[in-house]
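Structure first, commentary second.
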Amino acid sequence: MNDDPAPAARWADAVLAALLFAMDPARTGIALRAGAGPVRDRWLALLRRALGETPVKRLPLHIRDERLLGGLDLSATLQAGRPVAQRGLLAESDGGVLLLAMAERLDAGTVARITMAVDRGEVLAERDGVALAHPARFGLVALDEGEGPDEKLRPALADRLALQIDLTGLALADAPDDVDAALPSTRPGQVDMPEALLDALCGATVALGVASPRAAYQALCVARAHAALYGRTTAEPEDAAAAARLVLAPRATQLPQPADGEPEAPPEEPPPPPSPPPPSDEEPSPPPPDNDDPVEPDLGALQDLMLQAAVAALPPGLLAQLKAGGANRQTSRAAGVAGAAQKSAARGRPIGVRRALPRQGERLNVIETLRAAAPWQKLRQPSGAEGPRRIQVRPDDFHVTRLRHKRETTTVFAVDASGSAALQRLAEAKGAIELLLADCYVRRDKVAVIAFRGRGAQVLLPPTRSLVRAKRALAGLPGGGGTPLAAALDACAALIDAAQRRGDTPVLVMLTDGRANVALDGTGGRERAEADAYAAAARLAALGAALLLIDTSAQPQPGAARLAAAMRATYLPLPQAGAAALGRVVRAAAGADP
Amino acid sequence: MALVFPFSAIVGQDEMKLAILIAATDARVGGVLVFGDRGTGKSTAVRALAALLPPMKAVVGCPYQRDPALEPAGGPKPKSHWVPVPVVDLPLGATEDRVVGALDLERALSQGVKAFEPGLLARANRGFLYIDEVNLLEDHLVDLLIDVAASGENVVEREGLSVRHPARFVLVGSGNPEEGELRPQLLDRFGLSVEVRTPQDVATRIEVVKRRDAFERDPAGFVADWAGEDARVRKRIVAARKLLPSVKVPDSALESAAKLCMKLGTDGLRGELTLMRAARALAALDGDRLVGDAQLRRIAAPALRHRLRRNPLDDTGSTARVDKAVAELFAA
């Protein structure tokens, strides 16, 4: 984002977002994308000044349920000899602000627990012998330290955060000095929202293809906060425009289509292609807001204002993508799910309790231990003892919490879609992959798809458990072009490395004829291409993952077999690879048959 | 207890609302699974359900809200009272002891009494058990639910306790398919499955925002404004329950249901059974005494779409497959 021309404007928006959030934390929420460092610290300091007395708590990444939701107060329980409950962090944050550290890495389970509390305004817990229900209305600040497009907040979390700002690439030197962080006494709740403005905001939401219905309500809240920030008790068009810029623009999936008979497009934006591809699982994109609405002139003008504000705020990259009609929400959603994706199980959630002495790393389950001890207390009490009774706990009573440490398998499919792989062979390869996908479904594996053709390799699908998406990614895969084998192998290595870091077991299934003719730098030439491919194969082999190379050429080729040897992969020619054989080999490679 | 958004104030999402009403009319239809886009009011609708349900008679002091009418004859007549139908949340992060029930620790320690402290399953008996983000529920709890939902009975064997108690409840789950798929065994426990989508027209979106805003600004006033509408829905449920025993299923409807299920290749009889029960409940809600094609057509997708032979790769969508089969069948 270094090429962004207006760091000052971005800083101004970041500052504005902080103030708006501080006006109404519980109804807005903010996602802050920035690496840890002085820039982020500056912004956070500003936020704290704006928040004033509002308490701010920090939620660590791997928080356990008893701390997050509440549960048993250990020391108090032991002292009292009866279960004593304590609140969790979500309940403690009621009326304050909760900072989510490294929010892009939060697992689905933790995110669901947080968002449930956000949605309900209270936190429920049924844990360790206690039932809790506490109010939990707090503002969320998600600190997103993700790098690259694949690492970002989970969509479920991002969906709850009205304001989304990005500080990457901004310099401390550009930061505005002496921001007045004193908030006015006007409250957002006192602000009237004229109907026409609300209608225009909702219209802009649909025109920009914003998927979540929550966004319009969030925009409303932000517009109110904006009005209140400027001391107004009735919202003005500029308040709604600010909301469109800050809330709707980051969520846009399409450029607004100018209404018919209204040639004026947003400044400098040529009209988008006649039919931006609607996401395949949804209705065709809605028509532009009707012209024959009774309040049309006013509403139309207002909505244009919102749209202009939003379009002007679109980051340059996204804008280009939208113009090309390429930014479908499918990819963006997929990426969001991927990032921290399915780490949850690998981190180990409690899956029950068993009787055992707590060994190293195991956690004593106090409530179950006490339960086990309870029936024997009469027998264990020394006869004739006076004074307060103490609970007698014997080694037999000890119970520990079992955590699941199942390693998950991520199967990476790399598909050669080059011209040499020939279209018909490509269809066969797709068929083979579908068989394997069905197998992955049974084993609840994650799958990822990489395709390579022409000048490079492309991650069609980052690791996901949605096989429908995998199939969709494959179905839309065109064939033709050169064979950039080296680039493909490197892309595979990157995915495999990431999976290993997550604690998953990666398995690579590569379908190719092994005839490399595009070198790593994208230039043609068989010799260099092959040299590059073998170097990349060696890098891949060094990762030590299970690899399988399926030779898709009509006749088994020595080239593919040689490549398999260089990768230290199992070699399997496609003609011999029936459904059963394929499944067996992949399962064997995964080495994790349940 | 915070005020909840009224059921009748939910904009659109007719299929979801209908499925919930059917489950409220006839618990034997099985549960309802609501899957779909974020922010479409899935959990709002379920939470609003509690306010709709007419109260039920229960034995006084019974932790399982037993039905006095079903108590064994001959014994002393138990005292009964009217209680609200339970709609119990099973929040993520719940531990097993709270779900199935466990030894009451406090009484055990302070009085040396071995007593059973009922859990969520007991509280949900004769009512609804709601799991938000059901696809994120820990596997060991899912196993437990599958078992109890099938048998209608909760068996607890732990800490020297041996307890079995009735646990018949309507399972209601909601979630977003992007967070992962549901185990087929659990999927099968849901009678109806509903897909919710984001409304795409501006007018609907505006109405959604306006009502949400009105509710947030003045919850009590908003709930009061919609109390009349909610009462009407409640009356409809009560009337439907009364009518239900006399709703007839003609042979022609049975035949249509069987043909539909065969056409779609659904496994087992559960699909047909659910389809018939749901169609009857729907007829009762409509005030009809006879199940006809109209009911079958309306309820076919929710009753069957999650029972099609699983092809994880089929992205044509099971809804489209059901719709196609329905169109073919009733066109002929």
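When reading the values below, keep in mind they use all heavy atoms of this one structure, side chains included, and skip hydrogens, waters and symmetry mates. Here is the naming used below: chain letters follow the sequence lines, and residue numbers restart at 1 for every chain.
Only the side chain of B:Leu136 comes within less than 4.5 Å of a heavy atom of chain A; its backbone N, CA, C and O stay farther away. For B:Asn176, no part lies under 4.5 angstrom from a heavy atom of chain A. Proximity to chain A is limited to the side chain of B:Leu120, based on heavy atoms less than 4.5 angstrom apart. Heavy atoms closer than 4.5 Å to chain A are found in the side chain of B:Arg123, but not in its backbone. Residue A:Val123: no heavy atom, backbone or side chain, is found under 4.5 Å from chain B. Heavy atoms of A:Glu195 lying under 4.5 Å from chain B belong exclusively to its side chain.
Nearest heavy-atom pair across B:Val202 and A:Gly203 is CG1-CA, 3.7 Å. Residues A:Tyr217 and B:Val209 come closest through the heavy atom pair N-CG2, 3.9 Å.
Listed for the B:Arg205 side chain is no donor-acceptor partner under 3.5 Å among the backbone atoms of A:Pro213.
Salt-bridge check for A:Asp199 with B:Lys210: passed, with a basic side-chain N closer than 4.0 Å to an acidic carboxylate O. Looking at A:Asp119 and B:Arg47, no side-chain N of the basic residue comes within less than 4.0 Å of a carboxylate O on the acidic one, giving no salt bridge. Electrostatic pairing of B:Asp132 and A:Arg120 does not count as a salt bridge here, judged by no charged N lying under 4.0 Å from a carboxylate O.
Side-chain atoms of A:Leu220 and B:Glu216, non-hydrogen and from C-beta on, never get closer than 4.5 Å to each other.
Heavy-atom pairs under 4.5 Å with chain A peak, among B:Gly101, B:Gly93, B:Ala94, B:Gly119, at B:Gly93. Contact count versus chain A (heavy atoms, under 4.5 Å) is highest, among B:Val208, B:Leu141, B:Asp104, B:Leu103, for B:Leu103. Contact count versus chain A (heavy atoms, under 4.5 Å) is highest, among B:Arg217, B:Glu117, B:Glu133, for B:Arg217. Comparing A:Glu66, A:Met193, A:Arg160, A:Arg214 by heavy-atom pairs within less than 4.5 Å of chain B, the highest count is held by A:Arg214.
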